[in-house]
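Comments concern the structure below.
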Amino acid sequence: MSTKIKQGNNNKNSMYLLYNLVSKEFKLKYRRSVLGVVWSMLNPLLMMIVMALVFSNIFRFSFDMYPFAIYLILGQTFFAIFQEGTVGAMRSIIDAAPLIQKVYVEKIIFPTEKILFAVVNFCFSMVAVVLVFFFFGIVPSWRILFAIPLLILLLIFTLGVGYLVSALTVFFRDIEHLWTVLMSVWYYMTPIFWPYDALAGNGLEWVYNVVGANPMYHFVACFRHLATGIALPSDASLTFEFIFCGISAVVALAVGLFAFKKLEKKFILYI
């Protein structure tokens, strides 16, 4: 009985610490900022405007399913959860070294906090998405309700990858530089600002196949389909997209958790 009570108290303490870490991260990010949390809405909006002008006027991608700006901002905001979450999680254990060396604390809390903070930022960014929909006079599809389970799947996928990179970075600091480069490659290999259909029939079949196996492509494509109710010709059915995203999330979490739990006992020796 006493063991169960102790475990329950530890869980409550861990949740309390996690909540406080997210709150602290939020306050620190916008401290001494004139616009404060408004930047979470302005950032995706400004990036969308710049990229829409560049890629719709200079490169002139063929895209007439719905306004290109909506295609762009939906991809940007959803991919940002994964990008911000994993980049933040990467150094989370190392940055928490002073606390870990002094008291016992569940180490998995630190990468989890960084990823949850990315989700909080996404929620504020959705205000910018709503404004863009309103500007173009487009009503979101009723399927947007299914974006919540999709968001949960993306959270699970990001947690898995975040746990893996945070654990490996403790032992191999070069991962900090490698992951930054990899994230840039991942971003450009995901149809954020270019249509997936542009690869078909242009002698780029191998790239087409590689992108098709990219989990983030399916997460982003599914989110766009749910928000607009429109799927591009190359997009798979929603059922397939959810299955693919679900499998990717479970596999990533299993690998990430296994690696993190396997290595966390040695963290204290390397941080």
Side-chain angles (χ1 to χ4, degrees), residues 44 48 51-52 55-56 61-83 85-86 115 118-119 122-123 125-126 129-130 132-133 136-161 185-256:
M48 178 217 69
M51 294 183 74
F55 290 103
S56 61
F61 285 134
S62 177
F63 189 85
D64 55 5
M65 303 296 291
Y66 46 83
F68 181 67
I70 289 179
Y71 177 87
L72 195 57
I73 198 169
L74 288 174
Q76 281 181 326
T77 52
F78 214 57
F79 189 89
I81 298 174
F82 177 71
Q83 187 173 33
T86 55
I115 293 164
V119 175
F122 166 78
C123 293
S125 297
M126 285 304 294
V129 175
V130 172
V132 174
F133 268 79
F136 286 102
I138 294 178
V139 179
S141 166
W142 62 269
R143 293 187 180 91
I144 193 66
L145 297 174
F146 292 100
I148 296 175
L150 182 66
L151 177 60
I152 293 172
L153 290 178
L154 179 58
L155 173 60
I156 294 170
F157 179 75
T158 307
L159 284 170
V161 178
V185 174
W186 206 326
Y187 179 83
Y188 288 109
M189 289 296 287
T190 304
I192 304 295
F193 55 86
W194 52 273
Y196 184 46
D197 300 327
L199 296 175
N202 289 330
L204 297 172
E205 281 70 21
W206 70 272
V207 181
Y208 189 87
N209 294 329
V210 169
V211 173
N214 172 11
M216 285 309 301
Y217 157 63
H218 293 279
F219 276 109
V220 169
C222 191
F223 183 59
R224 286 175 174 141
H225 191 173
L226 292 174
T228 62
I230 300 172
L232 297 183
S234 57
D235 290 346
S237 67
L238 275 176
T239 302
F240 174 83
E241 296 288 14
F242 264 101
I243 292 173
F244 192 99
C245 293
I247 293 173
S248 300
V250 171
V251 171
L253 184 63
V255 173

Work out which heavy atom in A249 is nearest to a heavy atom in I156; give both atom names and the distance. O-CG2, 3.5 Å
Could you tell me if the side chain of C245 sits less than 4.5 Å from the side chain of L150, heavy atoms only? yes
Which atom names give the shortest non-hydrogen contact between F244 and A213, and what distance separates them? CZ-O, 4.0 Å
Would you sort out whether V119 and I81 count as a side-chain contact (heavy atoms from CB on, under 4.5 Å), showing the intermediate values? CA-CA 6 Å; V119 175; I81 298 174; 4.1 Å; yes
Answer yes or no: is there a donor N or O on one side and an acceptor on the other, between the side chain of H218 and the main chain of G212, under 3.5 Å? yes
Which distance, rounded to the nearest 0.5 Å, do you find between the CZ of F79 and the CG of L154? 10.0 Å
Return the CG to OG1 distance between L151 and T158, rounded to the nearest 0.5 Å. 9.0 Å
Verify the neighbour count for atom CZ of F146: are there more than 12 heavy atoms of other residues, nucleotides or ligands below 6.0 Å? no
Kindly assign one of parallel, tilted or perpendicular to the pair Y71 and F68, based on the angle between their ring planes and the thresholds 30° and 60°. parallel
Measure the spacing between CD1 of I73 and CE of M126 and express it to the nearest 0.5 Å. 9.0 Å
Please report the interatomic distance CD(E241) to CG(L153), rounded to the nearest 0.5 Å. 12.0 Å
Identify the heavy atoms of A118 and G85 that sit nearest to each other, and give their distance. CB-N, 3.7 Å
Looking at L238 and C222, what are the two nearest heavy atoms and their distance? CD2-SG, 3.7 Å
For I148, I'd like to know if atom CD1 has over 12 heavy atoms of other residues, nucleotides or ligands within 6.0 Å. no
Whether Y188 and F193 hold their rings parallel, tilted or perpendicular, with breakpoints at 30° and 60°: perpendicular
To the nearest 0.5 Å, tell me how far L155 CG sits from I115 CD1. 7.5 Å
For the pair F219 and F78, name the ring-plane relationship: parallel under 30°, tilted 30 to 60°, perpendicular over 60°. tilted
Heavy-atom closest pair (I138 atom, P67 atom, distance to 0.1 Å) is CD1-CD, 3.3 Å
Minimum side-chain heavy-atom gap V139-F133 below 4.5 Å: no
If we only count heavy atoms from C-beta on, is the F242 to L226 side-chain gap below 4.5 Å? yes
Looking at CD1 of I70 and OG1 of T228, how far apart are the two atoms once the value is rounded to the nearest 0.5 Å? 8.0 Å
Quick check: do F157 and M216 have side-chain heavy atoms less than 4.5 Å from each other? yes
